[in-house]
Amino acid sequence: MSTFAFSIEHHPMKIKYIAILIAGLLTQKVAAQTKIKTYTKNLKLQNTFQASGIWRGVFNLKPGVEVPFNFEIKNKNGQPYLSFLNADESFDGGFVKQKNDSLWINLDQFDNVLAFKIQKDSLVGVLKKQDGSGKALPLSASKANQYRFKTNDQTPDADFSGKYDIVFKSQDGKNENAVGLFKQVGNKITGTFLRITGDSRYLEGSVDGNQFYLSGFIGSSPSYYKGTFSKDGIIQGEAVSARGNTPFTGKQNENAALPDATKLTFLKEGYKTLNFSLPDVDGKKISLTDDKFKNKVVILTITGTWCPNCVDEASFISPWYKENRNRGVEVVGIHYERQLDSAYVKKALGRFRDKFDIQYDQVIAGKPDKKQVAESLPGLNNFLSFPTMIIINKKGEVAQIHTGYSGPATGKYYTDFVSAFNAEIDGLLKQTNL
């Protein structure tokens with residue numbers, strides 16, 4: 001018997017040790033090979049994947065329901081940057097970050113993030129909150145197709161462009177009047193729904209025979225409308241969301257209109273102004289009785305960083321203030337935010353300020369709830385919408401309250417608002433100082 005055989009036979013612990021040693025070496029080899037393969041794969045992705053270009057994204061809203069949208073990635077300040085494409089608008093999203101096979105875009109305006117995994121020339125991922133709260137919404141994206149909706153390529157039954165009286169029928173049985181604004185060129189249709197609380201912003205889609213499909217997405221949550229037109233001017237459809245569908249009907253009417261937005265919210269009896277003392281992000285209390293507001297026209301905007309129509313309002317009022325502040329006007333943004341801890345408030349309002357170069361005061365009043373608005377501004381009656389704009393005259397009295405906001409997507413409604421707003425301010429500035 002050999003010395004080795006004798007040694008192994010009489011030392012079973014050596015057998016176990018050698019087996020462990022061999023297994024360990026094999027494991028290290030497999031791990032090293034896996035690491036090399038992963039590194040090679042990621043290096044190949046970084047060298048071959050091209051994010052730049054126009055993409056078609058598709059949200060899986062719920063089983064059987066897909067909502068498409070389009071976005072573009074191009075260079076901005078030397079880095080890839082994503083913008084959302086809806087009708088005539090290109091809306092800022094955020095800078096594109098890539099690490100290995102992961103790609104993500106922080107959508108700071110709405111505290112969301114698009115998180116993707118790269119799969120060859122496509123992306124698969126989710127839309128979720130930056131802090132991971134709530135439910136993520138799955139989606140995919142590809143550059144292979146740049147259309148919005150897949151259709152059957154049917155010739156439209158007619159040109160359905162125009163203005164429509166619309167009635168949305170909510171699940172609680174209440175009806176909400178709206179105005180539908182649509183522009184059709186061939187199979188392509190763009191438009192928006194205008195309500196007393198604001199508009200649906202820019203929507204884009206297709207007409208297939210007598211069927212239409214419209215969607216919009218700027219980083220908050222996707223919008224999706226579908227339905228049918230008839231040649232006699234009748235429209236039927238539904239607004240589709242993850243929580244449920246809201247049916248609507250309507251009829252073409254070039255005189256379609258909503259109630260006067262300055263007559264919906266008003267002061268309670270006995271009130272002439274709004275008394276508040278609310279903190280900014282540094283804790284400094286701001287009130288209409290402060291010296292900086294004395295003998296000035298003051299615009300209060302009830303707003304929130306989460307609100308798409310508030311975003312449109314800020315994009316108007318911020319540059320307007322910079323152009324007009326020397327005329328004797330001030331603006332205060334009264335914010336109602338989804339979280340109230342100081343870190344979140346500073347982050348959200350700071351991003352809002354930076355994005356729109358806001359140079360007027362911003363204060364925090366509570367969460368976006370009608371009850372909290374009533375508690376912080378007790379003089380208001382029938383508060384309906386974020387945003388709501390309140391104009392104070394030189395005497396410190398409320399001169400006008402405007403509910404909702406008609407943004408650029410509404411065309412003439414927007415330009416009419418701007419004209420009326422400027423006329424109101426001009427008239428108040430002409431009044432004699434106290």
Side-chain angles (χ1 to χ4, degrees), residues 179 181 194-199 257-267 271-276 278 286-303 307 309-335 352-353 355-363 377 379-434:
V179 174
L181 306 173
L194 178 60
R195 313 186 196 202
I196 60 172
T197 54
D199 62 272
L258 293 174
D260 186 343
T262 65
K263 306 295 183 185
L264 300 173
T265 301
F266 44 90
L267 291 181
Y271 283 82
K272 290 186 177 181
T273 190
L274 293 174
N275 297 312
F276 62 83
L278 296 169
I286 293 175
S287 170
L288 281 178
T289 58
D290 294 344
D291 288 343
K292 70 178 294 183
F293 303 122
K294 188 176 181 180
N295 291 329
K296 290 184 178 180
V297 173
V298 183
I299 301 159
L300 308 177
T301 174
I302 299 176
T303 187
C307 161
N309 291 133
C310 302
V311 167
D312 284 342
E313 184 191 59
S315 68
F316 163 73
I317 201 67
S318 178
W320 182 93
Y321 173 67
K322 285 183 284 186
E323 293 175 6
N324 291 274
R325 63 191 304 175
N326 293 331
R327 299 174 64 200
V329 296
E330 291 293 341
V331 177
V332 180
I334 304 178
H335 282 255
F352 204 65
R353 175 177 290 274
K355 180 176 178 64
F356 298 106
D357 191 24
I358 292 173
Q359 297 179 15
Y360 50 80
D361 291 313
Q362 297 169 285
V363 297
L377 301 172
L380 277 186
N381 200 350
N382 198 41
F383 174 78
L384 296 172
S385 174
F386 296 93
T388 290
M389 182 182 288
I390 304 165
I391 302 177
I392 310 293
N393 64 22
K394 293 180 181 180
K395 297 180 182 180
E397 299 172 343
V398 172
Q400 185 185 92
I401 302 176
H402 188 282
T403 296
Y405 189 76
S406 302
T410 66
K412 188 175 184 300
Y413 287 89
Y414 171 68
T415 56
D416 285 351
F417 161 76
V418 172
S419 296
F421 170 80
N422 282 313
E424 178 72 15
I425 299 299
D426 290 345
L428 293 175
L429 286 173
K430 290 177 182 178
Q431 293 180 354
T432 305
N433 289 1
L434 289 175

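In this chain, numbering begins with 1 at the start of the sequence shown.
Of the candidates Ile334, Leu267, Val332, Ile302, Ile302 is the only one forming a side chain to side chain contact (heavy atoms under 4.5 Å, CB included) with Ile390.
By the 6.0 Å contact criterion, NZ on Lys294 is open, its count of non-hydrogen atoms from other residues, nucleotides or ligands being 12 or less.
The OG atom of Ser318 sits 10.0 Å away from the CD atom of Glu323 when rounded to the nearest 0.5 Å. Atom CG of Asp357 is separated from atom OG of Ser315 by 13.0 Å, given to the nearest 0.5 angstrom. Note that the NZ atom of Lys296 and the CG atom of Asn393 stand 15.0 Å from one another [nearest 0.5 Å]. Between the CG atom in Asn382 and the CZ atom in Phe266 there is a gap of 5.0 Å [rounded to 0.5 Å]. Note that OG1 of Thr388 is 8.5 Å distant from CD of Glu313, once rounded to the nearest 0.5 Å. Atom-to-atom distance recorded for His335:NE2 and Gln362:CD is 4.0 Å, nearest 0.5 angstrom.
For the pair Asn422 (side chain) and Val418 (backbone), a donor-acceptor distance under 3.5 Å is present. Although no hydrogens or angles enter the test, the distance criterion places a donor-acceptor pair under 3.5 Å between the side chain of Thr415 and the main chain of Lys412. Counting only distance, with no hydrogens or angles, the side chain of Lys394 and the backbone of Thr432 share no donor-acceptor pair below 3.5 Å. Under the 3.5 Å distance criterion, the side-chain polar atoms of Asn309 are left unmatched by any main-chain donor or acceptor of Ser406. At least one donor-acceptor pair under 3.5 Å links the side chain of Asp260 to the backbone N or O of Thr262.
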Exercise for the section: Dump the intermediate steps for side chain to side chain contact (heavy atoms under 4.5 Å, CB included) on Leu300 and Met389, then the final yes or no. Expected result: CA-CA 6 Å; Leu300 308 177; Met389 182 182 288; over 6 Å; no
Exercise for the section: Take Phe421 and His402, measure what ring pair (Phe, Tyr, Trp, His ring centres under 6.0 Å) needs, and give me the verdict at the end. Expected result: CA-CA 10 Å; Phe421 170 80; His402 188 282; 8.9 Å; no
Problem - Candidate pair Leu380 and Leu274, rule side chain to side chain contact (heavy atoms under 4.5 Å, CB included), full reasoning - result: CA-CA 8 Å; Leu380 277 186; Leu274 293 174; 4.2 Å; yes
Exercise for the section: Decide side chain to side chain contact (heavy atoms under 4.5 Å, CB included) for Thr289 and Phe276; before the verdict, give the C-alpha distance in whole Å, the side-chain angles of both, and the deciding distance to 0.1 Å. Expected result: CA-CA 9 Å; Thr289 58; Phe276 62 83; over 6 Å; no
Exercise for the section: Evaluate the criterion side-chain hydrogen bond (donor to acceptor under 3.5 Å, both in side chains) for residue pair Thr403 and Ser385; output intermediate values, then yes/no. Expected result: CA-CA 6 Å; Thr403 296; Ser385 174; over 6 Å; no
Problem - Test side chain to side chain contact (heavy atoms under 4.5 Å, CB included) applied to Tyr413 and Val179, step by step - result: CA-CA 11 Å; Tyr413 287 89; Val179 174; 3.8 Å; yes
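Judged as a salt bridge (Lys or Arg N to Asp or Glu O under 4.0 Å), and not counting sequence neighbours, Lys272 has no contacts. Asp312 meets the side-chain hydrogen bond (donor to acceptor under 3.5 Å, both in side chains) test with Arg201; sequence neighbours excluded. For Phe356, the ring pair (Phe, Tyr, Trp, His ring centres under 6.0 Å) partners are Phe352, not counting sequence neighbours.
The aromatic rings of Phe316 and Tyr405 are tilted relative to each other, their planes meeting at an angle between 30° and 60°.
Within the 4.5 Å cutoff, the side chain of Ile391 has no heavy atoms near those of the Val398 side chain. Residues Ile299 and Ile392 form no side-chain contact, since every pair of their non-hydrogen atoms from C-beta on lies 4.5 Å or further apart. Looking at Asp361 and Lys292, their side chains come closer than 4.5 Å, going by heavy atoms from C-beta outward.
Here the closest non-hydrogen pair linking Phe386 and Thr303 is CD2-O, 4.1 Å. Nearest approach of Val363 to Leu278, heavy atoms of both residues: CG1-O, 3.6 Å. In terms of heavy-atom proximity, Tyr360 sits nearest to Val331 at CB-O, 3.2 Å. What you find for Val329 and Tyr321 is that their closest heavy atoms are O-CE1, 3.6 Å. When all heavy atoms of Pro259 and Leu264 are compared, the closest pair comes out as CB-CD2, 4.0 Å. Smallest separation of non-hydrogen atoms from Tyr414 and Thr410: N-OG1, 3.1 Å.
Here Arg327 pairs with Asp426 in a salt bridge; the nearest charged N to carboxylate O distance falls below 4.0 Å.
Judged purely by distance below 3.5 Å, without hydrogens or angles, the side chains of Gln359 and Arg353 never pair a donor atom with an acceptor atom.
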